2 protein chains.
Amino acid sequence: MSQPDVPLIGAGTATRRAKRESLSSAAARKVERPAPLRQAVYEALLDLIVNRTLKPGQHLVEIDLAEHLGVSRQPVREALQRLQTEGWVDLRPAQGAFVHTPTDEEADQLLSVRNVLETYSARLAAEHATPEDVEQLEELQNEGVSALKAKDVERVVAANAALHAFITRLSGNTVLAEMIATVDRRVRWYYAPLALTRGKDAWTEHADLIAAIAKGDAELAATLMGRHTERTRSAYHEHREASQSK
Amino acid sequence: MSQPDVPLIGAGTATRRAKRESLSSAAARKVERPAPLRQAVYEALLDLIVNRTLKPGQHLVEIDLAEHLGVSRQPVREALQRLQTEGWVDLRPAQGAFVHTPTDEEADQLLSVRNVLETYSARLAAEHATPEDVEQLEELQNEGVSALKAKDVERVVAANAALHAFITRLSGNTVLAEMIATVDRRVRWYYAPLALTRGKDAWTEHADLIAAIAKGDAELAATLMGRHTERTRSAYHEHREASQSK
DNA sequence: AGCTTGGTTTTTGCATACGAAAGTCTGTAT
DNA sequence: ATACAGACTTTCGTATGCAAAAACCAAGCT
């Protein structure tokens with residue numbers, strides 16, 4: 001037993017029969033009728049990984065996860081498979097699942113890819129945005145700026161994510177949007193320990209970007225987004241080097 | 001029983017106990033010791049989908065797949081999960097797996113994304129390529145051109161794929177490379193019914209691209225790759241419209 | 001005729017069972 | 001003390017079993 005009595009999630013009791021209860025908090029929230037258990041397990045595990053409750057490199061023993069989540073091994077296995085294809089865990093044959101260990105190199109590669117995709121999404125967004133869309137963008141921008149003034153980091157991060165996500169959706173390319181979402185979640189996880197947020201500059205850049213989208217200037221929007229994400233990337237690098245030298 | 005006696009794969013007998021045999025052809029080929037069965041099932045099913053032995057929209061009944069592959073339902077389920085996350089099948093809760101039905105819109109979106117990623121990979125390739133790499137590129141180019149002269153469509157397609165894959169790897173960004181590979185496989189599947197290959201032009205463009213990479217001119221390489229993939233996309237569009245109007 | 005409704009069949013989703021591989025520990029010989 | 005051999009333990013991978021949801025089908029009602 002790797003972790004005999006330490007509950008991995010808050011749920012507590014987690015005897016086998018308590019399954020409908022133990023996961024309901026995470027599962028029954030969203031769906032009406034058919035809530036496949038594996039989906040709930042997937043979300044729960046992803047959350048534990050993103051939270052770093054489950055640490056990079058940690059060996060995930062199926063039976064332990066199953067018991068702590070109050071389900072059998074099967075849904076856990078299926079969730080782990082999915083987590084593997086998305087890069088959250090590594091599945092070593094006959095050895096099981098290990099939380100993926102982020103390397104600096106991989107983090108940088110992911111960040112590059114995200115930048116490229118976001119740049120493209122900005123270009124498409126400029127081509128497709130309606131005046132109503134622009135209004136919404138401006139609302140998100142205002143929210144971000146006011147959060148910044150209030151020094152509410154949580155809100156700034158949320159507004160930033162919302163703004164980028166909205167542009168992504170404006171692109172009208174759902175394949176692209178999903179890809180960005182996936183990559184973005186990983187990037188955030190990789191860089192989370194740095195606890196980095198950019199300040200006023202970022203939101204000035206956002207404003208220019210929104211203006212370009214409003215004008216429908218795809219070329220400019222792409223250029224600005226490219227520059228913006230590239231600066232974010234530089235900021236990460238500097239931050240990482242600073243925290244490593246400590 | 002949806003398809004009681006029609007073997008889905010060539011394997012033939014496929015009684016339950018024949019498992020180690022029936023899949024060995026596909027499984028034991030690559031790995032030495034630990035060859036998880038689900039991996040073989042995944043590859044087999046993907047092959048059946050790409051082949052169109054399993055048709056878009058078709059309901060995939062787990063037990064049927066399992067029996068025809070000579071394994072139990074469990075590895076099949078796990079393979080289907082993975083196929084879902086990669087977009088090959090749709091998993092409807094409590095209803096099972098259906099082969100994903102490609103739409104023109106989605107195909108175009110995938111193609112766009114692939115183009116963006118490949119353009120970026122060309123840029124990186126130009127930055128990283130060594131003289132030896134360039135030599136290899138030229139070999140692949142020669143192979144393609146000679147295949148073209150011989151009018152050997154199979155070889156042309158293979159050479160084209162190899163050339164693009166090599167550039168992709170030259171980028172040095174493995175995350176990017178894997179993404180391109182995934183997207184590319186889907187794109188090929190979507191457009192396979194069109195049975196389209198571009199001719200001499202494509203290989204002229206390749207030659208220019210290789211020259212740019214050889215010079216280390218990243219900007220030019222990116223531009224050329226962008227143009228090249230965009231032409232491929234146009235070719236697909238024209239071809240599709242032509243075949244639809246028939 | 002079309003629509004509902006009840007029962008039957010099919011198929012999924014999850015749980016459990018079992019064999020085998022990998023890892024760990026102990027005892028012995030050097 | 002250290003290295004090796006072999007038994008023991010843990011954990012995975014796959015198979016099988018079972019309950020419940022969904023699909024199907026047919027009879028009855030409007």
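Reminder, nothing fancy here: chain letters follow the sequence lines and each chain counts from 1. Model, not experiment: these values are computed from the prediction.
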Interatomic distance, [X] [atom1] vs [N] [atom2] [rounded to whole Å]:
{"X": "B:Asp64", "N": "C:dT10", "atom1": "CG", "atom2": "C1'", "value": "11 Å"}
{"X": "A:Glu78", "N": "C:dT12", "atom1": "CD", "atom2": "P", "value": "12 Å"}
{"X": "B:Gln95", "N": "D:dA23", "atom1": "CD", "atom2": "P", "value": "4 Å"}
{"X": "B:Arg82", "N": "D:dG13", "atom1": "CZ", "atom2": "P", "value": "13 Å"}
{"X": "B:Arg92", "N": "C:dT11", "atom1": "CZ", "atom2": "P", "value": "15 Å"}
{"X": "A:Leu37", "N": "C:dT16", "atom1": "CG", "atom2": "P", "value": "12 Å"}
{"X": "B:Leu65", "N": "D:dA15", "atom1": "CG", "atom2": "C1'", "value": "17 Å"}
{"X": "A:Arg73", "N": "D:dC12", "atom1": "CZ", "atom2": "P", "value": "6 Å"}

Pairs touching [range] that satisfy salt bridge (charged side-chain N to carboxylate O under 4.0 Å, His left out), sequence neighbours left out:
{"range": "residues 154-180 of chain B", "result": "B:Glu143-B:Arg155"}
{"range": "residues 79-104 of chain B", "result": "B:Arg82-B:Glu86, B:Asp104-B:Arg240"}
{"range": "residues 53-63 of chain B", "result": "B:Glu62-B:Arg73, B:Glu62-B:Arg77"}

- [ ] Check the pair A:Asp108 / A:His237 against side-chain hydrogen bond (donor to acceptor under 3.5 Å, both in side chains), numbers first and verdict last.
- [x] CA-CA 9 Å; A:Asp108 194 50; A:His237 277 184; 2.7 Å; yes
Identify which nucleotide among [options] has an atom closest to any side-chain atom of [X], counting heavy atoms from C-beta outward.
{"X": "B:Ser72", "options": "D:dT16, C:dT12, D:dC12", "answer": "D:dT16"}
{"X": "B:Pro75", "options": "D:dT14, C:dC14, D:dA22", "answer": "D:dT14"}
{"X": "A:Gln74", "options": "D:dT11, C:dG13, C:dT16", "answer": "C:dT16"}
{"X": "A:His59", "options": "D:dT11, D:dT14, C:dA21", "answer": "D:dT11"}

Applying a 4.0 Å non-hydrogen cut-off, can you work out what A:Arg38 is touching in the nucleic acid: base, sugar-phosphate, or nothing? sugar-phosphate
(request) Could you tell me whether B:Leu60 contacts a base, only the sugar-phosphate backbone, or nothing, with contacts defined as non-hydrogen atoms closer than 4.0 Å? (result) sugar-phosphate
Note, DNA chain D 5' to 3' with Watson-Crick or G-U pairs under 3.5 Å encoded as ( ), [ ], | and . gives ||||||||||||||||||||||||||||||
**Asked** What pairs with A:Phe98 under ring-ring contact (aromatic ring centres under 6.0 Å, His included), at least two apart in sequence or on another chain?
**Response**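 A:Phe98: ring-ring contact (aromatic ring centres under 6.0 Å, His included) contacts with A:His59.
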| query | Who pairs with B:Tyr190 by ring-ring contact (aromatic ring centres under 6.0 Å, His included), at least two apart in sequence or on another chain? | reply |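 B:Tyr190 satisfies ring-ring contact (aromatic ring centres under 6.0 Å, His included) with no residue once adjacent residues are dropped.
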Query raised in the report: Would you say A:Trp88's side chain and A:Arg186's backbone share a donor-acceptor pair under 3.5 angstrom?
Result: no
